[in-house]
Undergrad: 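Below you'll find the structure I mean.
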Amino acid sequence: MAAGIYPYFLPLTGHEGTTVTLGDRELVMCGSNNYLGLTSDPRVRKAAADALDRYGPSCTGSRFLNGNLDLHDQLESELADFYGKPAAAVISTGYQANLGTISALAGRGDVVFADRDAHASIVDGCVLSGAKHRRFRHNDAGALDRGLAAVPAQAGKLVVVDGVYSMEGDLCALPEIVEVCKRHGARLIVDDAHGLGVLDQGRGTCSHFGLTDQVDLITVTFSKSLASLGGAVVGDDDVIHYIKHHARSLIFSASATPASMAAALAALRILREEPWRPERAQQNADYLRAGLLSLGISPGESSTPVIPLRTRGVIDTLLLWRRLIDNGVYTNPVVPPAASPRLRLSLMATHTTEHLNRVLDALSGETDMFLREDQPDATDGMAELAELADSSAARP
Ligand SMILES: Cc1ncc(COP(=O)(O)O)c(C=O)c1O
């Protein structure tokens with residue numbers, strides 16, 4: 001901490017979306033998943049304030065009992081309509097949506113397969129479910145195919161993937177994964193936390209591939225593009241009904257606050273009316289990726305507003321993070337076990353070219369701190385070791 005490189009729990013004192021205040025300094029925010037820039041939109045803020053006035057600060061209970069408002073129901077029906085699916089269940093966070101959905105649907109005797117890079121909430125949902133839990137190499141439909149082939153015919157099979165991977169900004173290999181799931185009779189859940197609001201006019205990864213009707217359930221969060229707090233799962237009526245009556249994270253936890261629901265609802269409506277926002281977020285990401293490449297810095301596999309900048313190790317990551325703060329740019333430092341060391345940048349529709357140029361300027365003096373395309377990750381080999389450990393743990 002004395003070295004000034006402890007990067008966690010920093011108290012920001014102002015938040016205007018594209019900029020934040022840290023101490024007495026204003027920084028360009030490149031660490032927020034506020035992809036559409038809606039946290040500072042006056043319509044979203046007013047909707048939250050009006051709901052606070054009308055309903056108060058809390059529902060003081062689970063949706064199952066006293067904590068259900070017309071706002072929760074309204075958001076469910078507009079989300080389902082947005083995705084073209086029959087129903088949705090709103091759950092208090094995206095983390096709880098994955099936890100509750102997976103653990104409600106899978107149980108002893110079933111096998112759940114999750115991509116190695118899938119979000120922690122998916123892993124925790126698998127653990128809570130009591131099902132056998134296997135992880136397959138990132139985006140490797142062949143590995144999934146082999147894993148599913150080894151499952152006894154009578155066992156229930158569930159596959160869970162992210163639509164957009166949060167550490168790499170790359171897309172799920174959805175067409176291949178869907179094909180493998182169909183062939184083995186496995187159900188498929190896509191966590192589209194980072195696809196909602198970003199891909200295909202905001203309709204997300206499944207829609208981007210034209211496969212929404214081939215995916216059983218889509219889970220989302222409101223804490224990114226929808227500028228709020230909360231989560232949901234979207235799918236068929238009977239499955240959603242079942243989840244609403246069996247997901248422990250929904251039943252045994254208080255419902256999302258009125259202000260959060262009203263903000264998410266307002267943001268969803270704006271997303272539908274303003275398709276320039278997802279487009280601009282992607283254009284900004286393209287602009288930054290081109291600038292990075294011209295500086296000799298690799299943007300990895302990213303094709304979305306999440307851009308990883310790999311570094312040579314943990315210390316370099318923290319030093320670099322600090323130097324960028326000193327140069328007016330806020331990024332997120334990521335270190336193992338979350339992922340190999342990197343700075344993660346997230347871009348918004350509302351970043352201006354001036355903001356992006358400030359980021360590129362700040363990075364231009366640091367190019368020797370990043371891994372080149374031809375250099376291995378600082379943690380290369382870790383994934384293989386973890387895979388070995390996983391497969392032995394999963395043996396009967
Ligand atoms: C892929 C993914 N799924 C789920 C979540 C959890 O969402 P929430 O912040 O609403 O709990 C996140 C957020 O970090 C995420 O990146």
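Atoms within a ligand are numbered from 1 in the order they appear, just like the ligands themselves.
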Undergrad: Between ligand 1 and S121, can you find any atom pair, the residue atom being a heavy atom, that is separated by under 4.0 Å?
TA: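 The answer is yes, since S121 has a heavy atom less than 4.0 Å from ligand 1.
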Undergrad: What is the closest protein heavy atom to atom 9 (O) of ligand 1, and at what distance does it sit?
TA: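 Of every protein heavy atom, S223 OG, 3.0 Å lies nearest to atom 9 (O) of ligand 1.
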Undergrad: Consider ligand 1: state whether an atom of it lies below 4.0 angstrom from any non-hydrogen atom of K224.
TA: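 True for this residue.
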Undergrad: Is V28 reachable from L324 through a run of I, L, V, M, F, W or Y residues, each pair having side-chain heavy atoms under 4.5 Å apart?
TA: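 Hydrophobic grouping puts L324 with V28.
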Undergrad: Is the ring pair Y242/H246 parallel, tilted or perpendicular, if the boundaries are 30 and 60 degrees?
TA: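 Plane angle under 30°, so parallel.
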Undergrad: Would you check if there is a donor-acceptor pair between the side chains of Y287 and N357 at a distance under 3.5 Å?
TA: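 Yes, side-chain donor-acceptor contact under 3.5 Å.
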Undergrad: Considering only the protein, which heavy-atom contact is closest to atom 12 (C) of ligand 1, and what is its distance?
TA: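 Nearest protein contact, heavy atoms only, for atom 12 (C) of ligand 1 is H119 NE2, 3.3 Å.
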Undergrad: Are any of the heavy atoms in G230 under 4.0 Å away from ligand 1?
TA: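 Distance cut 4.0 Å: G230 passes for ligand 1.
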Undergrad: Does this structure show an ion pair linking D316 with R342, if we count only N-O contacts that are shorter than 4.0 Å?
TA: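 No, no charged N to carboxylate O under 4.0 Å.
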Undergrad: Kindly give the heavy-atom pair with the smallest separation between P305 and V198, and that separation in Å.
TA: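 Closest approach of P305 to V198, heavy atoms only: CD-CG1, 3.5 Å.
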Undergrad: Within the 4.0 Å heavy-atom shell around A193, which atoms of ligand 1 are there?
TA: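 Within the 4.0 Å cut-off of A193, ligand 1 contributes 1 (C), 2 (C), 3 (N), 15 (C).
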Undergrad: How far is atom 3 (N) of ligand 1 from the closest protein heavy atom, and which atom is that?
TA: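 It is D191 OD2, 2.6 Å.
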Undergrad: Keeping the roles fixed (side chain from S255, backbone from G67), state whether a donor-acceptor pair exists under 3.5 Å.
TA: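 Yes: the side chain of S255 pairs with the backbone of G67.
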Undergrad: I need the nearest protein heavy-atom contact for atom 6 (C) of ligand 1: residue, atom name and distance, please.
TA: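 Residue, atom and distance for the closest contact: Y95 N, 3.4 Å.
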Undergrad: Using a strict cut-off of 4.0 Å, indicate which atoms of ligand 1 neighbour a heavy atom of D162.
TA: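 Matching atoms, with element in brackets: 1 (C).
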Undergrad: My understanding is that only one of T18, N34, T350 makes a side chain to side chain donor-acceptor pair (under 3.5 Å) with T39; could you say which?
TA: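 Of T18, N34, T350, side chain to side chain donor-acceptor pair (under 3.5 Å) with T39 is met by N34 alone.
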Undergrad: Heavy-atom distances under 4.0 Å decide this one: backbone, side chain, both or neither, for H194 against ligand 1?
TA: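 Side chain only; the backbone of H194 stays clear of ligand 1.
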Undergrad: Answer with yes or no whether the side chains of T60 and S58 bring together a donor and an acceptor at under 3.5 Å.
TA: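 Their side chains do not contain a donor-acceptor pair, so the 3.5 Å distance test is not met.
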Undergrad: Mind checking whether F222 has an N or O less than 3.5 Å away from an N or O of ligand 1?
TA: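 Checking ligand 1 against F222, no N or O pair falls under 3.5 Å apart.
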